[in-house]
Amino acid sequence: MRIPDRLRVRPRDVRAVDEAVKSVVGGRLSRHGWVPRVLAYPGYGGDGWVRVLARVLLAPEGMTSSDEQIVRGFTRFVVLPTEGVEVRIRVGDRVHVVLSSTQGYVDVRLDSDLPPGWHDVELVVADNPPVVTQVRVVGPETTLGLVSDIDDTVIVTMLPRPLLAFRNTFLLRETDRDAVPGMAALYRDVVAAEPDVFVVYVSTGAWNVAGVLRRFLQRNGYPAGPLLMTDWGPSDEQWFRSGQEHKRTQLDRLFAELPQLSWLLVGDDGQHDVTLYAEAVERHPGRVLAVLIRELSATEQVATHGSPVRFSQRVRPDTGGGVPELRAPDGTGLGLALRAQRIVLR
């Protein structure tokens, strides 16, 4: 039976209601002492610019920005994103003033005269103390970049399995999570061979768990690099935002903003990394050195997409252009494959 158009609930309607509810609730919480706080995330930049990433949230007055770094999973969501809040950002000797956007996000490209390397950036909301994050400025002499997926590439999540996804997101600390064997050592070997490599992690996970993932990466010895996460919930056109489109957009942006870099693209064969990376090779000829795919076990394949058959075997596009696609079940095997190809590692 066809539902009449006038009775259909559209994503944009739900989003409008959501924004209206947040406005009302935000006003009431403000009257009860909740105040804007800014959570700042590591960013990156190039010659003359930096990309600064943050989020403005209403939180109880006793909660400082640093508190977000230590709370258990579900309490990270007991906050309210706040749009239209003024954020002052100090980049070197320059101060920029921006407004938080939808869902409280700050994702801005700002003018900068910072030299290559890691630098502190300060963000201030209202009369709160400055919150400090870092940006990695990629210099013109840097020639190698490494894009890494997170879920089932560096951390065992089997994310699409609903109950396990809920457990990983809301209940577990990063110390309870398992690392994919050998991946941190592989990345450290790449850094040892190319000390100036720019490492960036791209995930379809929500920004709410960025702090947990960052601590996981640090604790397990992964090289530092910005995390490019996404948002949950409906947009004007979709009930749920597309993780594939998020990754595709971020890849294209990295390729465009840092044209001096050639890339290693690292992912897994549980879902769409193989297809997305093949598309990137086609769209950006000559820019990809190799595609590295961690092969999930049969158990992980079943948990990820319900079948022991590898997801990427259903649609396995050729990377083309002479770009090797290297596969192994762990970081040790991928490192051996890179050395055999004499790509970066010798």
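Computed from a predicted model, the values in this text were never measured in an experiment.
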Return yes if some donor-acceptor pair links the side-chain N/O of [X] with the main-chain N/O of [Y] below 3.5 Å, else return no.
X: R55; Y: W207; answer: no
X: T133; Y: Y41; answer: yes
X: H246; Y: G205; answer: no
X: R294; Y: D330; answer: no
X: S100; Y: G84; answer: yes
X: N220; Y: Y222; answer: no
X: R215; Y: G211; answer: yes
X: R283; Y: D252; answer: no
X: R287; Y: L261; answer: yes
X: Q250; Y: S203; answer: no

Grab the two heavy atoms, one from [X] and one from [Y], that are nearest each other, plus how far apart they are.
X: R327; Y: E325; result: NE-OE2, 2.6 Å
X: P36; Y: V125; result: CB-CG1, 3.6 Å
X: Q260; Y: T142; result: CG-O, 3.1 Å
X: L289; Y: S262; result: CG-CB, 3.8 Å
X: A210; Y: L227; result: O-CD2, 4.0 Å
X: L114; Y: G92; result: CD2-CA, 3.8 Å

| query | Does one hydrophobic cluster hold both I343 and I293, with members joined at side-chain heavy-atom distances below 4.5 Å? | reply | yes

| Can a donor-acceptor pair be found between the side chains of Y44 and R136 at a distance below 3.5 Å? | no

| field | Step-by-step side chain to side chain contact (heavy atoms under 4.5 Å, CB included) determination, V266 to Y187 | value | CA-CA 10 Å; V266 189; Y187 292 5; 3.3 Å; yes

| Straight-line distance of L99 CG to T82 OG1, nearest 0.5 Å | 12.5 Å

| Could D149 and K247 be called an ion pair, given the rule that one side-chain N must be under 4.0 Å from one carboxylate O? | yes

